[in-house]
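The figures that follow rest on heavy atoms only: side chains count, while hydrogens, waters and symmetry mates do not. Every chain is numbered from 1 and lettered A, B, ... according to where its sequence line falls, protein lines coming before strand lines.
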2 protein chains.
Amino acid sequence: MVNKDVSHPEGQDGHGPDPGRRAQLVDAAVDHVAAHGIADLSLRRLGAAIGVSHRMLIHYFGSKEQLFVEIVRTSEQRQRDLMSQLQLEPGLSPADVARRLWQQLTDPRLAGQERLFFEICGHALRGRPEAAPVLEGLVTDWLEPLVAAEVGAGSDPAVARNRARLGLATVRGLLLDLLATGDRAGVDAAMEEFLRLYYGPK
Amino acid sequence: MVNKDVSHPEGQDGHGPDPGRRAQLVDAAVDHVAAHGIADLSLRRLGAAIGVSHRMLIHYFGSKEQLFVEIVRTSEQRQRDLMSQLQLEPGLSPADVARRLWQQLTDPRLAGQERLFFEICGHALRGRPEAAPVLEGLVTDWLEPLVAAEVGAGSDPAVARNRARLGLATVRGLLLDLLATGDRAGVDAAMEEFLRLYYGPK
DNA sequence: CCACGACTGTACCAATTGGTACATGCCGCA
DNA sequence: TGCGGCATGTACCAATTGGTACAGTCGTGG
């Protein structure tokens, strides 16, 4: 009779009743958010966009905040997957690897995802707790593999960390430039200049 | 009698009745926004924080959007002023100039302003019209003086543009790193590495 | 002294928000 | 067939939002 709604007694792990459906919803949510922004997200509009009522979003995620967390986490995961799946043909020079990585990263189809990245950064820098975890991994998560690559390529371990940090920052700066200006050629040229400085001429 | 409120018949220049008071308000608004973020800004909270009623903000700015525009513009202006007022002692090497610039830019007292910059970027990338003008000047406005400096320092004009764009992007990437991690020493070291690559060793 | 116009506060409005209560439908199990 | 529980929708709530109407205050010029 009473049939009380027991959606958020789930506890803090917060996973909704049907994990499959939940994952499907968060996936659709990330797509929508990558395309339309996360700043003025409202449960009703998001629901309407992905074909459920806002009631369902609350049902599966407990609250807007937790949905937010899930979106951020999934978005991060996508970015990570993207990097891990880039197939490295052996025999390429480090510069070529970097070049390919840059190409992959600036694929126009990823523009929404990249914009979302910077948008979330902005929120996280402001201390929004649901986006704050991003700040932790923002540098360190990417630094480790890059340092490893640097060392593997023969860098002095002491310098490798600095070089990795520098490379990461430069890529992000140029990515922001690209998103803001859309000047693909100009940004690519700047990237080439960087690679020349970074790996030596030719 | 009727005393109709004629605050926004001002037209699109939108300047309120008393420019002095208006400027004072927008200044206080930028301070508050640099400290507390611009994402969840509400006229009432902002008013309470800077000591006026939200009614006054509407009165002087016509609408929230126009206040937003004014905040963005003023924030940009501050950043510009900051750069123009850095006194360049003559006889410094380009690397030293860059070093000083970096020091000035990473002054902890400016952290709020820098965070605001990235926050506004995020909103602008998402196409919020009141922040969109930022995207125009985001690169070009800073590129010209940098290119001039590069050429002045003897760079081939063809490469100067690429080098300038690269330098700008790297600075921003490292700034984002600094804001996210707070690891001043690590970021400074990466910056030193960059300067070594950029201007040659020592 | 008064009238006028600029400045500011209070009260209010419709719209939208996140979240909840209740009702309904649907599917599996006995 | 009937029952119970999950999934979903509809209707609703209090709070907050940007914006407006109206009224009061105050200095200035006549």
Check your understanding: Choosing from C:dT20, D:dG9, C:dT17, which nucleotide comes nearest the side chain of A:S42?
Key -> C:dT17
Review point. Is a side-chain N or O of A:T181 found less than 3.5 angstrom from the main chain of A:D183, in a donor-acceptor match?
Key: yes
Review point. Looking for any heavy atom pair under 4.0 Å, which part of the strands does B:L41 touch: base, sugar-phosphate only, or nothing?
Key: sugar-phosphate
Check your understanding: Does B:H36 have any ring pair (Phe, Tyr, Trp, His ring centres under 6.0 Å) partners at least two apart in sequence or in another chain, and if so, which?
Key -> B:H32
Review point. For C:dT17, does either OP1 or OP2 sit under 4.0 Å from a side-chain N or O belonging to A:R45?
Key: yes
Review point. Atom CZ of A:R44 and atom P of C:dA15: how far apart are they, to the nearest Å?
Key: 14 Å
Review point. Do the side chain of B:H54 and the base of D:dG19 come within less than 3.5 angstrom through a donor-acceptor pair of N or O atoms?
Key: yes
Review point. Just how far, in rounded Å, is P of D:dA15 from CG of B:L43?
Key: 21 Å
**Study point:** Phosphate OP1/OP2 of D:dT8 contacted by A:S53 side-chain N/O (<4.0 Å)
**Key:** no
Review point. Would one find more than 12 heavy atoms of other residues, nucleotides or ligands at under 6.0 Å from atom CZ of B:R126?
Key: yes
Exercise for review: Kindly point out which of C:dT8, C:dT17, D:dT8 is positioned nearest to the side chain of B:Y60?
Suggested key: C:dT8
Review point. Once you round it to whole Å, what is the distance between P of C:dG18 and CG of A:D40?
Key: 11 Å
Review point. Is A:R21 near enough to D:dT8 that one of its side-chain N or O atoms lies under 4.0 angstrom from OP1 or OP2?
Key: yes
Check your understanding: At what angle, to 10 degrees, do the two end axes of the helix from C:dC1-D:dG30 to C:dA30-D:dT1 meet, given five pairs define each axis?
Key -> 20°
Check your understanding: Taking atom C1' of D:dC13 as reference, at what distance in whole Å does atom CD1 of A:I58 sit?
Key -> 14 Å
Review point. Is there a donor-acceptor pair under 3.5 Å between the side chain of B:R22 and the backbone N or O of B:Y60?
Key: yes
Practice item. Return yes if some donor-acceptor pair links the side-chain N/O of B:R163 with the main-chain N/O of B:V147 below 3.5 Å, else return no. Key: no
**Study point:** Any A:E70 side-chain heavy atom under 4.5 Å of A:V30 side chain
**Key:** no
Review point. Can you tell which of D:dG9, C:dT8, C:dC13 lies closest to the side chain of B:H59?
Key: C:dT8
Point to revise | Under 3.5 Å side-chain donor-acceptor pair for B:S93 and B:D96 | key: yes
**Study point:** Nucleotide C:dG18, atom P - distance to CZ of A:F68 in whole Å
**Key:** 11 Å
Review point. Roughly how many Å is it from CG in A:L67 to P in C:dG18, rounded to a whole number?
Key: 10 Å
Exercise for review: Would you mind reading off the distance between A:R22 atom CZ and D:dA7 atom C1', rounded to a whole angstrom?
Suggested key: 16 Å
Exercise for review: Using whole Å, report how far CE of B:M56 lies from P of D:dT20.
Suggested key: 13 Å
